[in-house]
Number of protein chains: 2
Amino acid sequence: MVINDRMKAILNAVVYRYITTAEPIGSEMIVKNYGLNVSSATVRHDMLVLEKLGFLKKPHTSAGRVPTDKGYRFYVDNLMSKNVVNLSRAEQREIVEQYKIRKEFNEVMRVTSKLISRLTNNLGVVLAPNMVSDTLKDIRFISLDNNRVLITLITNSGLFFQKIMKINFDISEDNLEAIARIIKREFYGKSLEIVNDEMLEKIYRYYFKYQTLESIWKLIENCFDFQDEEENIFLGNRCYMLRQPEFKEIEKLNYLFDFIEEEKNLVQIIKKSLLNKQFDIVIGSELGEKIMKDCSVITRQYSIKGKPMGAISVLGPTRMNYTKSVSILDFIATRLSEILSE
Amino acid sequence: MVINDRMKAILNAVVYRYITTAEPIGSEMIVKNYGLNVSSATVRHDMLVLEKLGFLKKPHTSAGRVPTDKGYRFYVDNLMSKNVVNLSRAEQREIVEQYKIRKEFNEVMRVTSKLISRLTNNLGVVLAPNMVSDTLKDIRFISLDNNRVLITLITNSGLFFQKIMKINFDISEDNLEAIARIIKREFYGKSLEIVNDEMLEKIYRYYFKYQTLESIWKLIENCFDFQDEEENIFLGNRCYMLRQPEFKEIEKLNYLFDFIEEEKNLVQIIKKSLLNKQFDIVIGSELGEKIMKDCSVITRQYSIKGKPMGAISVLGPTRMNYTKSVSILDFIATRLSEILSE
DNA sequence: ATTAGCACTCTCATCAATAGAGTGCTAATT
DNA sequence: AATTAGCACTCTATTGATGAGAGTGCTAAT
């Protein structure tokens with residue numbers, strides 16, 4: 001039982017067709033629409049083999065075939081590249097348009113997730129940049145009132161971040177500025193992770209000048225601790241998913257949404273996806289989550305100034321249009337990287 | 001045809017019961033479970049009157065009654081207060097718990113929307129503070145690189161806001177600081193709206209000192225313009241809504257989500273709700289949106305330092321538990337106001 | 001290796017029959 | 001005048017039977 005070219009063509013046709021119709025594909029259908037110059041009986045024969053190999057399955061005895069997760073996997077790895085679809089002019093324009101107006105950072109993330117949702121007709125997901133590995137560029141302290149200080153932290157990727165620190169002692173604006181200058185001098189260009197590690201030690205050298213050690217330490221102790229920061233994740237519109245026939249049973253949809261909206265679940269899936277690669281497709285059971293067994297996730301990195309900083313994803317049924325989704329993610333990731341790199 | 005006490009009791013029972021069972025309520029049901037000491041025939045008679053008055057309706061001839069929008073309205077205005085339900089210890093604890101850990105501002109908004117979703121089993125919505133009416137406390141310019149300046153704006157409510165400004169000319173840190181100082185001196189304590197209005201005029205007095213007028217103007221022209229800023233709205237979990245039987249047809253759900261996720265629609269509904277009051281319930285057709293005719297929205301203001309700054313809402317089916325939802329919104333709004341006021 | 005032919009299986013839509021719930025009306029009762 | 005028992009009536013929801021249709025797998029011929 002070896003998989004020959006015709007069988008590949010049949011598998012390709014089944015996946016391709018099933019993606020648009022969402023109905024099981026029969027042998028007759030294949031010969032009629034994908035000129036293979038063989039009879040339906042031959043196709044039937046090949047399909048039987050493909051089924052035995054685990055690439056196709058039947059919903060019931062007298063139905064056509066649908067791809068299995070293994071079938072999709074083979075399609076994605078070996079066949080998909082022949083069907084590349086580029087974005088239409090209209091789609092390209094829509095994306096470019098969205099990024100034209102300068103927007104606040106969170107807004108960019110939000111718009112991106114919605115854009116992906118709309119264009120793929122599935123759920124768009126954006127994982128915001130993780131600052132831990134980013135390097136320090138500037139830091140400022142602004143006194144809000146007697147017991148609160150606003151810390152503004154700027155990284156070399158041009159990201160900025162605020163935290164409000166509560167303090168229980170008086171400290172002058174001048175002292176605040178002095179401390180900020182010291183931190184900047186000592187840690188400029190170092191990753192926030194390293195800054196956090198080395199902070200305590202360095203602080204010792206300067207503390208006597210401004211306050212007791214404890215006070216200063218209180219002020220900045222959590223400032224660089226992004227470890228326990230929850231990853232910022234943005235989910236796009238849910239409405240498009242609802243149109244997919246695989247989600248027509250609300251019962252299922254309910255469980256799926258339950259899972260998805262517990263956002264750390266998705267964060268985990270996406271981060272795992274990008275451990276080694278900058279692009280990944282995870283199909284159905286490969287996700288290792290029973291609730292997600294009918295879903296696939298495509299993930300694509302984006303960069304800021306050439307440095308990978310986050311990811312965008314599509315979540316849809318395993319029957320989703322992989323080629324199209326990949327093109328869309330590609331295009332958006334490229335534009336997004338440009339925008340964020342300025 | 002006047003509505004007497006017994007009829008009120010019947011209407012109350014129908015609404016109360018329908019809220020939990022989501023099934024039409026028959027006359028037999030009422031006498032059995034809500035001891036009225038009359039026969040089912042009498043109840044039937046009263047129900048007929050209530051139907052003629054437009055408070056109840058029948059899904060079909062041989063079914064029990066369900067409340068109309070007018071029925072819910074009467075319930076909400078006249079009957080609801082007798083059924084007040086306070087939050088359980090567990091619910092109170094859950095809310096308090098969520099706000100215990102200090103969180104970044106957006107995170108607070110996000111958590112709140114999810115909290116409302118979870119506790120009401122519907123969609124929680126949070127409208128973030130609108131800064132337009134807030135007053136200026138401090139402003140800082142931080143040079144990011146050659147052509148970008150980060151503006152940090154702090155209001156007297158303790159809110160802060162950043163914008164990145166692109167500039168196409170060189171300006172020294174000292175000059176930036178000087179301009180910030182001037183703005184602060186001139187506009188401290190004034191509402192951002194007013195600041196925006198008066199900015200141009202004031203700028204004239206100082207421009208010669210630092211740059212050409214045009215350059216400075218470019219720098220701050222949009223800085224205080226929050227008019228066209230999109231309102232920041234946060235939608236909580238969608239998954240709970242899916243359990244409500246009125247949303248069991250995906251077709252409908254699809255349209256509803258379409259509408260909801262076009263966020264300006266919800267912003268409009270919520271803002272309209274709070275024009276004059278600090279609390280409001282809008283029921284079904286009152287929303288004036290065909291798609292939302294089976295939904296109600298309850299909205300409640302929250303404040304920062306005593307000043308109303310935003311709103312939290314529940315969106316659910318007209319059959320939602322109004323009393324419970326009101327209690328939950330009340331409790332959360334109070335806590336949220338505390339948190340945001342520090 | 002391919003194909004025509006065909007019996008077989010399973011789904012899906014339709015239809016009729018039936019049970020059950022709840023009504024509205026009428027006439028009797030309080 | 002208000003309440004109630006009684007009952008015919010209406011509509012829904014469920015069930016089971018039926019038949020058309022789709023697509024298969026197998027066999028025997030090419």
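All chains are named by letter (A, B, ...) in the order of the sequence lines, taking the proteins before the strands, and each is independently numbered beginning at 1.
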J.: Does OP1 or OP2 of D:dC11 have a side-chain N or O of B:Lys58 closer than 4.0 Å?
T.: no
J.: Base, sugar-phosphate, or nothing for B:Ala41, non-hydrogen atoms under 4.0 angstrom?
T.: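 Base contact - B:Ala41 has a heavy atom under 4.0 Å of at least one base atom.
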J.: Please determine if a side-chain N or O atom of B:Ser27 lies less than 4.0 Å away from the OP1 or OP2 oxygen of C:dG22.
T.: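 No, no such contact exists.
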J.: With nearest nucleotides of DNA chain D determined for B:Pro59 and B:Arg6 from heavy-atom distances, which residue corresponds to the more 5′ nucleotide?
T.: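 Its nearest nucleotide lies further toward 5', so the answer is B:Arg6.
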J.: Check the pair A:Arg65 / A:Asp46 against salt bridge (charged side-chain N to carboxylate O under 4.0 Å, His left out), numbers first and verdict last.
T.: CA-CA 12 Å; A:Arg65 302 305 206 290; A:Asp46 283 357; over 6 Å; no
J.: Check the pair B:Ser285, B:Asp69 against side-chain hydrogen bond (donor to acceptor under 3.5 Å, both in side chains), reporting the backbone distance first and the verdict last.
T.: CA-CA 7 Å; B:Ser285 51; B:Asp69 289 351; 2.8 Å; yes
J.: What is the distance from atom CE of B:Met7 to atom CZ of B:Phe74, rounded to the nearest 0.5 Å?
T.: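 Nearest 0.5 Å value for the CE-CZ distance: 9.5 Å.
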J.: By nearest nucleotide on DNA chain D, pick out whichever of A:Thr61 and B:Ser40 is the more 5' one.
T.: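 The residue closer to the strand's 5' end, by nearest nucleotide, is B:Ser40.
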J.: Find the distance B:Leu36:CG to D:dA2:P and express it as a whole number of Å.
T.: 18 Å
J.: Reckon A:Arg65 has a side-chain N or O less than 4.0 Å from the OP1 or OP2 of D:dA22?
T.: no
J.: Tell me which nucleotide, if any, is Watson-Crick or G-U wobble paired with C:dA17 when both distances must be under 3.5 Å.
T.: D:dT14
J.: Can a donor-acceptor pair under 3.5 Å be found between the side-chain atoms of B:Ser62 and the base atoms of D:dC11?
T.: yes
J.: Considering only side-chain heavy atoms of B:Arg44, which listed nucleotide, D:dG25, C:dC10, C:dT23, is closest?
T.: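 Closest nucleotide among those given: C:dT23.
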J.: Checking side-chain polar atoms at under 3.5 Å, does B:Thr299 have a donor or acceptor matched by the opposite partner on B:Ser313?
T.: yes
J.: Take the angle between the ring planes of A:Tyr72 and A:Tyr322 and call it parallel below 30°, perpendicular above 60°, tilted in between.
T.: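 Answer is tilted, since the angle falls between 30° and 60°.
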J.: What is the distance, rounded to the nearest whole Å, between atom CD of A:Glu28 and atom P of D:dG25?
T.: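 Distance check: A:Glu28 CD to D:dG25 P gives 14 Å.
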J.: Rounded to whole angstroms, how far apart are CG on B:Leu48 and P on C:dT26?
T.: 12 Å
J.: Which listed nucleotide (D:dT24, C:dC10, D:dA5) is nearest to the side chain of B:Ser39?
T.: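 Between D:dT24, C:dC10, D:dA5, the one nearest the side chain of B:Ser39 would be D:dA5.
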J.: Rounding to a whole Å, what distance do you find between A:His60:NE2 and D:dT24:P?
T.: 10 Å
J.: Once you round it to whole Å, what is the distance between P of C:dG22 and NZ of B:Lys57?
T.: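 Taking NZ of B:Lys57 and P of C:dG22, I get 18 Å after rounding.
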J.: Does D:dT27 have a Watson-Crick or wobble partner in any strand here, with both distances under 3.5 angstrom, and which is it?
T.: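 Result: C:dA4.
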J.: Rounded to whole Å, how long is the line connecting atom CG of A:Asn33 with atom P of D:dG23?
T.: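 The distance from CG of A:Asn33 to P of D:dG23 comes to 12 Å, rounded to the nearest Å.
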J.: C:dA4 P sits how many Å from A:His45 NE2, rounded?
T.: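 Rounding to the nearest Å, NE2 of A:His45 and P of C:dA4 are 15 Å apart.
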J.: Using atom CE of B:Met47 as one end and atom P of C:dC25 as the other, report the distance to the nearest whole Å.
T.: 15 Å
